[in-house]
Amino acid sequence: DTEVTQTPKHLVMGMTNKKSLKCEQHMGHRAMYWYKQKAKKPPELMFVYSYEKLSINESVPSRFSPECPNSSLLNLHLHALQPEDSALYLCASSQGREGAPLHFGNGTRLTVT
Amino acid sequence: KNQVEQSPQSLIILEGKNCTLQCNYTVSPFSNLRWYKQDTGRGPVSLTIMTFSENTKSNGRYTATLDADTKQSSLHITASQLSDSASYICVVSPPGGANNLFFGTGTRLTVIP
């Protein structure tokens with residue numbers, strides 16, 4: 001089992017819905033990440049939080065809104081998504097230092113109808 | 001342009017056989033290279049991490065090699081098992097931590113009985 005927990009595992013939402021993805025880690029990691037992964041493609045970085053502050057936003061549309069309530073939690077709020085946003089959304093954490101591995105959760109499989 | 005290319009794109013082998021996956025990169029400057037295993041519908045799991053000064057690292061039946069001069073890495077799997085069926089992703093990092101990673105497109109390995 002992964003040490004990074006993501007909920008829900010699956011989510012189906014309409015284009016007018018508002019939903020949130022949640023991620024939790026208790027490894028004391030100070031860096032947390034959101035990635036988007038389409039089928040048969042590598043993960044694409046969306047957001048990076050370092051010490052609970054947003055440090056990187058890879059030009060992600062505003063219909064995706066990240067939030068880091070504390071050092072263990074990371075949320076991704078979704079609103080007015082498009083069908084092409086359907087993907088596996090992966091959360092990851094790391095110690096943030098050089099060479100530290102990313103620890104990924106098992107993702108949320110999102111389908112936008 | 002910083003790129004990571006993996007070959008083959010997919011591979012089918014018989015259980016018990018060995019195989020080698022390749023990763024070529026153009027990322028420069030270079031800090032470290034990681035191999036991840038990703039089972040279908042799950043998050044990637046780190047197998048090995050190597051810095052430029054390391055040329056081989058093992059993790060059980062997985063052995064990674066790195067030639068920083070030719071910018072090539074390989075992942076050798078010994079005595080394959082059905083559970084080795086997964087995608088194997090090569091990830092290269094320039095200096096600066098895990099905030100700027102370059103992902104390969106992966107090799108899809110299928111082990112058949």
Side-chain angles (χ1 to χ4, degrees), chain A residues 1-11 21 23-25 27 29-51 53-58 87-111, chain B residues 2-6 8-11 21 23 25 27 29-54 57 59 62 64 66 68 86-110:
Chain A
D1 286 334
T2 179
E3 296 166 305
V4 177
T5 304
Q6 290 187 242
T7 56
K9 291 184 179 180
H10 302 276
L11 178 62
L21 310 185
C23 174
E24 188 170 1
Q25 59 89 14
M27 294 178 282
H29 290 172
R30 307 309 294 194
M32 295 188 75
Y33 309 77
W34 280 115
Y35 282 85
K36 173 184 177 180
Q37 186 176 27
K38 302 284 274 186
K40 298 183 181 180
K41 298 288 187 182
E44 297 176 4
L45 183 64
M46 300 175 71
F47 301 104
V48 180
Y49 272 83
S50 180
Y51 290 89
K53 294 190 186 302
L54 182 64
S55 61
I56 294 178
N57 176 342
E58 291 287 351
L88 181 68
Y89 287 84
L90 293 164
C91 174
S93 70
S94 82
Q95 294 174 344
R97 59 172 174 77
E98 196 87 16
L102 286 176
H103 294 257
F104 285 91
N106 283 325
T108 293
R109 173 68 62 189
L110 174 67
T111 303
Chain B
N2 290 316
Q3 287 185 311
V4 179
E5 295 184 348
Q6 292 186 242
Q9 196 171 31
S10 61
L11 182 62
L21 314 180
C23 173
Y25 62 93
V27 178
F30 166 84
S31 175
N32 59 75
L33 183 147
R34 321 164 194 230
W35 282 94
Y36 283 87
K37 176 186 178 187
Q38 184 173 22
D39 293 311
T40 301
R42 300 179 76 85
V45 175
S46 178
L47 294 176
T48 63
I49 298 179
M50 290 182 292
T51 66
F52 64 89
S53 61
E54 298 173 292
K57 185 164 282 189
N59 178 359
Y62 301 101
L66 173 65
S87 288
Y88 291 84
I89 305 173
C90 175
V91 183
V92 180
S93 176
N99 293 350
N100 185 24
L101 302 180
F102 293 90
F103 286 75
T105 52
T107 292
R108 177 69 204 175
L109 174 66
T110 303

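Quick note on labels: first sequence line is chain A, next is B, and so on, each numbered from 1.
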Quiz prompt | Segment of B:Q38 engaging chain A (4.5 angstrom heavy-atom cut-off) | solution = side chain
Exercise. Could you check if a side-chain atom of A:L45 sits within less than 4.5 angstrom of a side-chain atom of B:F103, using non-hydrogen atoms only?
Key: no
Self-check item: Closest contact, heavy atoms only, B:I49 versus A:A100
Solution: CD1-C, 4.5 Å
Exercise. List the atom of A:P101, the atom of B:S46, and the distance in Å for their closest heavy-atom pair.
Key: CB-OG, 4.1 Å
Self-check item: Interchain contact, A:A31 with chain B, by part (heavy-atom threshold 4.5 Å)
Solution: neither
Practice problem: Go through the steps to decide whether B:L101 and A:L102 satisfy the test side-chain contact (heavy atoms from CB on, under 4.5 Å), and finish with yes or no. | Solution: CA-CA 10 Å; B:L101 302 180; A:L102 286 176; 3.4 Å; yes
Practice problem: Check whether any side-chain heavy atom of B:R42 lies under 4.5 Å from a side-chain heavy atom of A:L88, and answer yes or no. | Solution: no
Quiz prompt | Closest contact, heavy atoms only, B:P44 versus A:L90 | solution = CD-CD1, 3.9 Å
Self-check item: Atom NZ of A:K40 with >12 non-hydrogen neighbours under 6.0 angstrom
Solution: no
Self-check item: Side chain, backbone, both or neither of A:Q95 within contact of chain B (heavy atoms, under 4.5 Å)
Solution: neither
Quiz item: Between B:S93 and chain A, which part of the residue has a heavy atom less than 4.5 Å away: side chain, backbone, both or neither?
Solution: neither
Quiz item: chain B: which of A:Q37, A:E58, A:R109 shares the most heavy-atom pairs with it under 4.5 Å?
Solution: A:Q37
